[in-house]
Amino acid sequence: MIAKTSMNFTNYDTHCPNCGLPFGSDEQFCPGCGVPLPTGGDGVAPSSDEDAVPWTPVHVTAGLFFFLGLVIAAAFISGALGNLLPDYERALRTWVGVHLLALGIVTLVWILGVRSASNPLDSLGIRQPRTAVGMSVILTVMALASSILLTFVYGFVVDWLDLDLLRPPEIEKDVIFPGAGILLTLQALSLVTPISEELLFRGFVLRGLLRSIGPGPAVAASALVFAVLHLEPGAMIPIFFTGIVLGWLFVRTGSLWPCVAAHAAQNTLALLATRYL
């Protein structure tokens with residue numbers, strides 16, 4: 001919990017004194033980094049800090065170890081269940097694994113993060129963006145385009161240098177259910193995965209680091225964790241780029257929803273390109 005303090009917030013009546021982001025007149029805590037904001041122009045922090053992010057980098061670290069265990073357990077269970085439909089084994093394994101991980105992430109975030117918050121959804125950034133609707137859409141499209149462009153450039157450079165170890169893995173067509181079953185794959189990889197991963201990496205990890213180390217280092221650290229935990233050497237660098245972009249989008253808008261939208265759009269485009277191109 002953040003200790004109540006009395007500070008001189010001169011010249012910070014509309015911007016967070018910790019990270020410099022703008023805040024609304026009705027907000028008590030910075031939507032970006034979670035620190036108490038001045039109220040009434042008297043330079044005194046709010047009398048209650050229950051809406052601040054109640055978890056710390058220690059909780060984040062514990063959560064990441066727990067997540068590794070989840071990945072191993074989900075892989076084991078989904079592998080066993082995939083044998084039930086040999087013709088669609090990889091597609092079923094992917095679908096089951098995604099949902100098991102999502103359930104584990106929600107449990108992890110609740111236990112180590114939001115259960116002690118008075119407003120759990122708000123503490124994770126599950127709220128309306130502080131930017132206007134039009135600007136939120138523009139920023140989301142910019143983030144999506146930047147992530148795709150950086151991924152494309154990375155792939156081009158790796159191919160040019162013939163670095164097989166760092167070549168991004170391609171999505172195999174057999175992870176996609178055939179025919180109308182593609183809707184099940186889209187539901188898993190374009191809906192459940194973006195929501196659960198953004199909940200973990202931006203809502204829990206990034207929010208848990210912002211208050212301690214500030215926006216820039218927190219975005220970089222959360223992006224690094226996002227990349228490493230995908231456990232694919234060739235995917236780590238482009239995923240790190242994507243993590244930086246999504247972290248920036250979260251800090252800029254103060255909301256998880258634009259990040260989910262950009263993440264979902266990129267996954268959808270990748271799946272459709274794999275299926276039909």
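Note that the numbering runs from 1 along the sequence shown for the chain.
One finds the CD1 atom of I244 at 13.0 Å from the CG atom of L249 (value rounded to the nearest 0.5 Å). Note that CG of L200 and CD1 of I105 are 5.0 Å apart. Values are rounded to the nearest 0.5 Å. Distance check: L206 CG to E198 CD gives 10.0 Å after rounding to the nearest 0.5 Å. Once rounded to the nearest 0.5 Å, the distance linking CG of L272 with CD1 of I182 reads 5.5 Å. Distance check: L189 CG to T185 OG1 gives 6.5 Å after rounding to the nearest 0.5 Å. Taken from CG in D174 to CG in D87, the straight-line distance is 11.5 Å, to the nearest 0.5 Å.
With sequence neighbours excluded, the residues forming a side-chain hydrogen bond (donor to acceptor under 3.5 Å, both in side chains) with D164 are R167, listed by chain and number. Remark: V153 pairs with L149, V157 by the side-chain contact (heavy atoms from CB on, under 4.5 Å) rule, at least two apart or across chains. Residues passing the side-chain hydrogen bond (donor to acceptor under 3.5 Å, both in side chains) test with Q266 are S147, sequence neighbours excluded. In this structure, the side-chain contact (heavy atoms from CB on, under 4.5 Å) partners of I77, at least two apart in sequence or on a different chain, are L81, L100. With sequence neighbours excluded, the residues that form a side-chain contact (heavy atoms from CB on, under 4.5 Å) with V106 are L199. In this structure, T140 has no side-chain hydrogen bond (donor to acceptor under 3.5 Å, both in side chains) partners at least two apart in sequence or on a different chain. Every side-chain contact (heavy atoms from CB on, under 4.5 Å) that T274 has, sequence neighbours left out, goes to I171, K173, I176.
For the pair L112 and F204, the minimum side-chain heavy-atom distance is below 4.5 Å. Using a 4.5 Å heavy-atom cutoff, the side chains of T61 and F65 are in contact. T131 has its side chain out of reach of I138: every pair of non-hydrogen atoms, C-beta onward, lies at least 4.5 Å apart. Put simply, the side chain of L271 reaches to within 4.5 Å of the side chain of S190, judged on heavy atoms. Two residues are said to be in side-chain contact when any heavy atoms from C-beta on lie closer than 4.5 Å; T242 and L150 fail this criterion. Side-chain contact between Q187 and L183 is absent, with no heavy-atom pair separated by less than 4.5 Å.
Closest approach of P120 to W110, counting heavy atoms only: CG-CZ3, 4.3 Å. Nearest heavy atom pair, residue N83 against residue G79, reads ND2-O, 3.5 Å. Listed here is the closest heavy atom pair of L139 and W248: CD2-CH2, 3.5 Å. Nearest heavy-atom pair, R93 versus G82, reported as atom, atom and distance to 0.1 Å: CG-CA, 3.7 Å. The minimum heavy-atom distance linking S78 with A75 is given by the pair OG-O, 3.3 Å. The shortest heavy-atom contact between L108 and G63 is CD1-O, 3.0 Å.
Screening residues 84-105 for ring pair (Phe, Tyr, Trp, His ring centres under 6.0 Å) gives W95-H99 as the qualifying pairs, with residues at least two apart or on separate chains. Residues in residues 137-162 take part in no ring pair (Phe, Tyr, Trp, His ring centres under 6.0 Å) pair, two or more places apart or across chains. Residue pairs that meet the salt bridge (Lys or Arg N to Asp or Glu O under 4.0 Å) test with at least one member in residues 268-277, sequence neighbours left out, do not exist here.
No single ILVMFWY cluster, assembled from side-chain heavy atoms under 4.5 Å apart, contains both L103 and F66. When hydrophobic clusters are built by joining Ile, Leu, Val, Met, Phe, Trp and Tyr residues whose side-chain heavy atoms come closer than 4.5 Å, directly or via intermediates, V205 is grouped together with F250. Hydrophobic cluster membership differs between M135 and V133, with clusters built from Ile, Leu, Val, Met, Phe, Trp and Tyr side chains linked at under 4.5 angstrom. Hydrophobic clustering (side-chain heavy atoms under 4.5 Å, transitive across Ile, Leu, Val, Met, Phe, Trp, Tyr) keeps V192 apart from L124. Put simply, I213 and V251 are part of the same group of oily side chains (I, L, V, M, F, W, Y) that touch within less than 4.5 Å, one to the next.
Hydrophobic cluster membership for I148: L144, L269 (Ile, Leu, Val, Met, Phe, Trp, Tyr linked by side-chain heavy atoms under 4.5 Å, directly or transitively).
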Cut-off 3.5 Å, no hydrogens considered: what does the side-chain donor-acceptor table look like for residues 222-241, sequence neighbours left out?
residue	atom	partner	partner atom	Å
S222	OG	A218	O	3.0
S222	OG	V219	O	3.0
H230	ND1	F226	O	2.6

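Across T94, L101, V98, a single residue satisfies side chain to side chain contact (heavy atoms under 4.5 Å, CB included) together with T193, and that is V98.
Proximity of a side-chain donor or acceptor of R207 to a complementary backbone N or O of G203 within less than 3.5 Å is not detected. Checked by atom type and distance alone, the side chain of R127 pairs as donor or acceptor with a backbone atom of D122 at under 3.5 Å. In this structure a side-chain-to-backbone donor-acceptor pair under 3.5 Å is missing from R202 to L256.
No more than 12 heavy atoms of other residues, nucleotides or ligands sit less than 6.0 Å from atom CD of Q128.
Aromatic ring pairs are classed by plane angle as parallel below 30°, tilted from 30° to 60° and perpendicular above 60°; the pair F201 and F67 is perpendicular.
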